[in-house]
Every structure is written in structure tokens, then in C-alpha cells.
**Q** 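Dropping the structure in here first, questions after.
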Amino acid sequence: MSVIVTATCISGIKYAGGWQRLELFAYDQLLHWTERSPLVPPDQPDDRILIVGISETDIQRYGWPLSDETVADLIETIQDHQPRVVGLDLYRSGPQLPGQSALAEQLAADNLVAVRSVGNAPSGGDEVPAPASIPPERIGFNDLVVDPDGVLRRSLLYVGPARGGQYSFALGIVQRYFPNLDISATADGLMLGNQPIPVLQSGDGGYQTIDTRGYQQLLHYRHRSEPAQIISAQEILENRFQPEWIRDKIVLIGSVAPSLKDQFYTPYSAEQKLDFTQAGVVIHAHIISQLLAVAEGQ
């Protein structure tokens, strides 16, 4: 009888979310152990991705927000070296003069994916739109979901109904990278070609009390700090890079400057001596790398 009572109590505590913090902590420790284990080869930075990170030095040099002219020059220089996809992780819902027409010309490129925010408010009052000139198929939302303890362990990939919903920034980029890849949403999850991505449900793993709206998956961090090579906007604008860093690659443009507060704690933050957080554009690189691996059947 005591065994039944004990089991019932444990199950009740779990169902109420009482073990969630402990289980998520255990999940983080498993990631640390896996990274250090001699049995598991460490993931290397993904050489299919280049991050152009707008740094504190860039902000001091070019100002913030970057003018349309500066962003247009940045994109044009990148496009001159034939990337496969350019992902612009900067909100441009209104003009930042000068350079509005020059930026509009660069945003017309078919290999460019821009961002919007779907927000959290039921009324939609906190949404941030993408530039009106960009068609919906080249727009993805860049919203990220954070666990109750402030750590980012999940990626939000799709919101809305199975038909007619919205892709994330990462999904939009992967679809541009693999133009023949069919991405579809079902009641059970997402399909990348014939590869399924199971969707997190309330009660999965340590999660008992999270908001499970949308299609979410556990995020595989490719590296505890940098999932891909990172260079500054100034290096691009001054042509201080190798063309092969860009050619046929995914090039992401976004802020890495801590002062802009687009920073997130990760499962590795507690063990870091420096760089406790990762920038949003870096998080998106992790998600893209994970989706590329799924699409390739890994």
C-alpha cells in the first residue's frame, strides 16, 4: 500500500510540475556530459553557415540602428560573393534614412529571408512586421521561447494551423537552402521531406507546465559558444574576408552586441567563465544547423 501511495505522490508532483526544474537541470547536465565524453565526437562549427555579427565596435562606427544605406551595402557586398541564402535577422519595419531605395533593391533578391515577430500578446499588439515589399514566402518569424528558469532549450519552428501557418526564420532559410525540400505540418509534427520532427507536448520529458503552442522541438546546441564562424560587419564592408567563407553558404546578419540585449542563457551558461549568453542570431544558427542535419537524414 505504501508503494502505491508513494508512486501516486511522485506522479502527482510530476504532473503538477514539481520535478520540472530538477529534470531540466538533469537535462543540462546530460548535455555537459555528452560534450565532454570521449565516446561522443565533439560537434565542429558548421561550415555551411557564416554569421555576420554586428558588434559593439560596429555600432560605434556605423551607429544604431544601422542606416538603410549601411545594411544595403552589407547585403550587396555579401551577394557579390554568391551565397546560397542570406538571412537578415534585423527588423526593418520602417525606413532608416538614408538609403531606402538601395535597401529595397537588395531586399528584392530571391535568396534573401527577412524576419518578423509574431509576438506573445493575444491581440497581436506586440507583433513586428517585415518590410512590406518582401513576399510572405521569404519572411520567417524570429521569436524564441525561454523556459521558466530563463534558459533557452527549445526552438519554435511553426505557428498557426497545419495549413496556412507561418514558418520560423530558420525553417525559411532551410527551405531556401534546399529548394526542392517539401516542408509540411501535420497534427503529429513537422516533416522535412520524409524526415519527421516530433513536436514537444506538455508532459514530455521534464516539461509539465510549459506553453506548448506552436510546433516546438528541443534545441541541439552544436557548440557551447559558436556554432559557426562569426565575423563583424566592418570586416564585410572593408572586404577583410575570404570569398570562400561566403560562396554557396548561408550568411546570417544580426546583432551580437550585448548592449542591444538580444542575448539568451543556454544550458551551458552555468558552467561558462565568460560569455554567459548567446546572441539571438547565434541561436538561430544552432537551429538552422540542427534542421539541415535533419533534412539530410542525420
Side-chain angles (χ1 to χ4, degrees), residues 35 42-66 70-71 73-92 111-115 140 142 144 152 155 168-170 172-174 176-177 219-269 271-293:
E35 185 184 53
D43 284 333
Q44 299 301 313
D46 196 326
D47 61 8
R48 296 167 295 187
I49 302 171
L50 174 70
I51 300 171
V52 178
I54 299 163
S55 66
E56 298 289 359
T57 301
D58 291 330
I59 291 172
Q60 293 166 13
R61 185 176 184 86
Y62 305 110
W64 187 260
L66 299 182
T70 300
V71 177
D73 289 346
L74 196 59
I75 297 172
E76 182 177 19
T77 303
I78 291 167
Q79 294 281 29
D80 284 344
H81 294 84
Q82 302 175 316
R84 196 183 303 192
V85 187
V86 176
L88 183 63
D89 187 25
L90 296 174
Y91 294 133
R92 307 304 288 190
N111 69 335
L112 184 139
V113 179
V115 292
N142 65 346
L144 296 169
L152 199 156
S155 53
S168 69
F169 180 53
I173 284 173
V174 170
R176 279 280 183 274
Y177 189 82
L219 172 54
H220 169 69
Y221 282 88
R222 186 175 186 92
H223 193 273
R224 67 168 48 229
S225 57
E226 296 182 1
Q229 182 182 7
I230 302 176
I231 64 175
S232 69
Q234 184 176 354
E235 287 176 281
I236 291 289
L237 292 170
E238 295 181 356
N239 286 290
R240 292 191 282 113
F241 59 88
Q242 299 299 319
E244 59 267 23
W245 296 354
I246 292 177
R247 188 176 300 115
D248 206 36
K249 304 292 178 67
I250 294 169
V251 181
L252 304 178
I253 305 169
S255 163
V256 296
S259 65
L260 298 180
K261 303 190 184 306
D262 184 29
Q263 303 282 326
F264 298 86
Y265 291 105
T266 76
Y268 299 107
S269 293
E271 289 196 350
Q272 295 287 88
K273 293 188 171 130
L274 295 169
D275 300 327
F276 297 103
T277 58
Q278 294 189 27
V281 69
V282 176
I283 298 292
H284 290 299
H286 285 290
I287 300 170
I288 291 165
S289 180
Q290 181 177 8
L291 292 174
L292 291 175

**Q** The criterion is side-chain hydrogen bond (donor to acceptor under 3.5 Å, both in side chains); which residues satisfy it with D89, sequence neighbours excluded?
**A**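 Partners of D89 by the side-chain hydrogen bond (donor to acceptor under 3.5 Å, both in side chains) criterion, ordered by chain and then number, come out as N142.
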**Q** Can you name the residues that form a side-chain hydrogen bond (donor to acceptor under 3.5 Å, both in side chains) with Q263, not counting sequence neighbours?
**A**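 Here the qualifying residues are T277.
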**Q** Mind listing the closest non-hydrogen atom pair of P83 and V251 along with its distance?
**A**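 Minimum heavy-atom contact is CB-CG2, 3.9 Å.
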**Q** Just to verify, what does F264 make a ring pair (Phe, Tyr, Trp, His ring centres under 6.0 Å) with, not counting sequence neighbours?
**A**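 With neighbours one apart ignored, the set is empty.
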**Q** Nearest heavy-atom pair of A285 and I51: which atoms, and what distance?
**A**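 Heavy atoms of A285 and I51 come nearest at CB-CD1, 3.7 Å.
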**Q** Holding to salt bridge (Lys or Arg N to Asp or Glu O under 4.0 Å), I want the full list of residues that pass it with D80, two or more places apart in sequence or in another chain.
**A**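 With sequence neighbours excluded, D80 shows a salt bridge (Lys or Arg N to Asp or Glu O under 4.0 Å) to no residue whatsoever.
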**Q** Let me confirm one number: the CH2-CD1 distance from W64 to I59, rounded to the nearest 0.5 Å.
**A**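 Answer for the CH2-CD1 pair, W64 versus I59, is 6.0 Å.
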**Q** Might you point out which heavy atoms bring F276 and Y265 nearest each other, and give the distance in Å?
**A**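 Of all heavy-atom pairs spanning F276 and Y265, the closest is O-CD2, 3.9 Å.
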**Q** Which atoms form the tightest heavy-atom contact between Y221 and L152, and what is the distance?
**A**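 Scanning both residues completely, I find the closest heavy atoms to be OH-O, 2.6 Å.
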**Q** Give me the atom names and distance for the closest heavy-atom approach of H81 to P243.
**A**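 Answer, listing the atom of H81 first, then P243: CD2-CB, 3.7 Å.
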**Q** Using 0.5 Å steps for rounding, measure from the CD atom of E226 to the NE2 atom of H286.
**A**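 Spacing of CD (E226) from NE2 (H286) equals 9.0 Å.
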**Q** To the nearest 0.5 Å, how far apart are CG in L260 and OG in S55?
**A**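 The CG atom of L260 sits 10.0 Å away from the OG atom of S55.
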**Q** Using the side-chain hydrogen bond (donor to acceptor under 3.5 Å, both in side chains) criterion, which residues pair with H284? Sequence neighbours excluded.
**A**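 None.
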**Q** Nearest heavy-atom pair of G254 and L90: which atoms, and what distance?
**A**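 Heavy atoms only, the tightest pair is CA-CD2, 4.2 Å.
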**Q** Would you compute the distance between atom CD1 of I78 and atom CH2 of W245 and round it to the nearest 0.5 angstrom?
**A**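 Taking CD1 in I78 and CH2 in W245, the distance rounds to 13.0 Å.
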**Q** Test of understanding: with side chain to side chain contact (heavy atoms under 4.5 Å, CB included), list the residues that count as partners of P45, not counting sequence neighbours.
**A**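 None.
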**Q** Going by side chain to side chain contact (heavy atoms under 4.5 Å, CB included), name the residues that satisfy it together with R176, two or more places apart in sequence or in a different chain.
**A**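 Checked R176 against side chain to side chain contact (heavy atoms under 4.5 Å, CB included); matches are V85, D110, V113, E137, R138.
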**Q** Using the side-chain hydrogen bond (donor to acceptor under 3.5 Å, both in side chains) rule, collect all pairs that involve residues 228-238, keeping only residues at least two apart or in two chains.
**A**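 Sorted result for residues 228-238: R61-E238, S232-E235, Q234-E238, E238-R240.
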**Q** Tell me every residue that passes side chain to side chain contact (heavy atoms under 4.5 Å, CB included) with A170, counting only those two or more places apart in sequence or in another chain.
**A**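 If we apply the side chain to side chain contact (heavy atoms under 4.5 Å, CB included) test to A170, skipping adjacent residues, the hits are S168, I287, I288, L291.
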**Q** How far does CG of D46 sit from CD1 of I250, to the nearest 0.5 angstrom?
**A**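 If I round to the nearest 0.5 Å, the distance is 7.5 Å.
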**Q** Roughly how far apart are T57 OG1 and Y62 OH, rounded to 0.5 Å?
**A**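 Spacing of OG1 (T57) from OH (Y62) equals 10.5 Å.
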**Q** Sorted by first residue and then second, give each salt bridge (charged side-chain N to carboxylate O under 4.0 Å, His left out) pair with at least one member in residues 247-263; sequence neighbours left out.
**A**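 Counting only pairs at least two positions apart or across chains, the salt bridge (charged side-chain N to carboxylate O under 4.0 Å, His left out) contacts touching residues 247-263 are R84-D248.
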**Q** Working note: V281 + I253, criterion side-chain contact (heavy atoms from CB on, under 4.5 Å); need CA distance, chi angles, decisive distance, verdict.
**A** CA-CA 7 Å; V281 69; I253 305 169; over 6 Å; no
**Q** Can you list everything that forms a side-chain hydrogen bond (donor to acceptor under 3.5 Å, both in side chains) with T266? Sequence neighbours excluded, please.
**A**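 Here no residue qualifies.
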**Q** Please enumerate all residues that pass side chain to side chain contact (heavy atoms under 4.5 Å, CB included) together with D73, with sequence neighbours excluded.
**A**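 Expected list: E69, E76, L237.
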**Q** Would you sort out whether I246 and I236 count as a side-chain contact (heavy atoms from CB on, under 4.5 Å), showing the intermediate values?
**A** CA-CA 10 Å; I246 292 177; I236 291 289; 4.1 Å; yes
